[in-house]
Amino acid sequence: MNGRGLTLVNALGCLVLGLLLVLQWHQERRLDARIQDLKTSLVAARDQHAAERERAAMLAREQELLKDSIESMQQAAEASGHLLAERDAQVADRDVRMVELTARIATMDAQIKTWQAAITQRDERLRALNAELSAARRRLDEAIAKLKAAGTR
């Protein structure tokens with residue numbers, strides 16, 4: 001092969017290498033953009049997870065407060081039930097007193113029914129929020145799995 005043929009082959013090789021470099025560069029840019037998108041979605045998923053965890057903790061605290069409140073109300077109801085029993089024994093002969101005590105018991109029963117309805121509504125909200133938290137956790141796990149899969153590529 002003469003000098004001119006080698007120059008032509010060299011120029012053709014340089015052109016092919018240049019094209020390969022450009023193709024590799026474009027591919028690397030696409031992959032970098034994809035990685036950046038995945039990192040952004042991971043950060044968003046982590047933020048959402050943290051918010052959901054905080055919300056769940058708040059709901060757990062609220063639930064504990066409600067349980068304590070209900071327990072103290074039950075104790076108060078028991079205490080007032082004992083007090084009412086003692087007063088009934090003392091004033092069995094007074095009809096006016098009996099009507100008053102009956103009215104108080106009816107009021108307490110109505111309050112207990114109201115509390116039970118509120119507790120039922122709260123439990124439904126907690127179940128719905130727990131389902132939302134589970135869905136958020138599942139989405140986070142999927143995002144992490146996608147990120148790991150992208151990282152292994």
Side-chain angles (χ1 to χ4, degrees), residues 14-153:
C14 286
L15 181 63
V16 168
L17 284 175
L19 286 173
L20 285 174
L21 284 173
V22 168
L23 289 174
Q24 185 67 34
W25 178 70
H26 280 293
Q27 182 181 8
E28 188 175 326
R29 284 191 59 183
R30 281 193 309 268
L31 289 176
D32 283 342
R34 177 70 178 141
I35 288 171
Q36 191 61 33
D37 290 343
L38 287 173
K39 284 181 180 179
T40 303
S41 67
L42 177 63
V43 168
R46 284 183 179 164
D47 289 344
Q48 184 179 5
H49 176 68
E52 291 297 329
R53 182 177 282 170
E54 184 177 314
R55 187 175 181 193
M58 179 188 68
L59 289 174
R61 286 190 303 269
E62 185 177 308
Q63 182 181 15
E64 288 301 317
L65 287 174
L66 286 173
K67 284 181 182 178
D68 292 343
S69 174
I70 290 170
E71 186 176 313
S72 67
M73 287 180 201
Q74 287 176 343
Q75 289 173 354
E78 288 176 11
S80 39
H82 293 298
L83 183 62
L84 287 175
E86 289 174 10
R87 287 188 181 168
D88 281 342
Q90 291 174 0
V91 292
D93 59 318
R94 295 184 187 171
D95 292 337
V96 174
R97 218 44 171 141
M98 185 59 91
V99 170
E100 181 183 325
L101 292 174
T102 304
R104 284 185 182 176
I105 289 172
T107 302
M108 286 181 166
D109 286 342
Q111 287 178 343
I112 288 173
K113 288 178 183 176
T114 303
W115 292 333
Q116 287 173 343
I119 290 168
T120 302
Q121 288 176 349
R122 186 219 54 218
D123 288 345
E124 291 172 4
R125 282 188 313 200
L126 286 175
R127 280 191 285 277
L129 291 172
N130 192 22
E132 289 177 17
L133 183 60
S134 295
R137 177 63 187 175
R138 187 174 52 254
R139 288 192 306 270
L140 177 62
D141 289 344
E142 291 171 2
I144 290 171
K146 286 180 183 178
L147 183 61
K148 285 181 180 178
T152 59
R153 288 187 211 161

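Treat the numbers as computed from the prediction; the structure is a model and nothing was measured.
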Please tabulate, one pair per line, all N/O donor-acceptor pairs under 3.5 Å involving side-chain atoms of residues 119-126, not counting sequence neighbours.
{"residue": "T120", "atom": "OG1", "partner": "Q116", "partner atom": "O", "Å": "2.8"}

Among all residues two or more places apart in sequence or in another chain, which pass the side chain to side chain contact (heavy atoms under 4.5 Å, CB included) test with R29?
W25

CG-CD distance between L133 and Q48, expressed to the nearest 0.5 angstrom
10.0 Å

Identify the two heavy atoms, one from H49 and one from L140, that lie closest to each other, and give their separation to 0.1 Å.
CG-CD2, 3.3 Å

If you look only at pairs with a residue in residues 66-84, which of them pass as a side chain to side chain donor-acceptor pair (under 3.5 Å), with sequence neighbours excluded?
none

Residues two or more places apart in sequence or in another chain: which of them pass side chain to side chain contact (heavy atoms under 4.5 Å, CB included) with A85?
none

Min side-chain heavy-atom separation H26-L23 under 4.5 Å
no

Side-chain atoms of residues 35-45: list all donor-acceptor pairs with protein atoms under 3.5 Å, sequence neighbours left out, distances to 0.1 Å.
{"residue": "T40", "atom": "OG1", "partner": "Q36", "partner atom": "O", "Å": "2.9"}
{"residue": "S41", "atom": "OG", "partner": "D37", "partner atom": "O", "Å": "3.4"}
{"residue": "S41", "atom": "OG", "partner": "L38", "partner atom": "O", "Å": "2.9"}

In chain order, what residues pass the salt bridge (Lys or Arg N to Asp or Glu O under 4.0 Å) check against R137, with sequence neighbours excluded?
D141

Got a second to check how far D109's CG is from T114's OG1, nearest 0.5 Å?
10.5 Å

If you look only at pairs with a residue in residues 48-61, which of them pass as a salt bridge (Lys or Arg N to Asp or Glu O under 4.0 Å), with sequence neighbours excluded?
R55-E132

Any side-chain heavy atom of E28 within less than 4.5 Å of one from D32?
yes

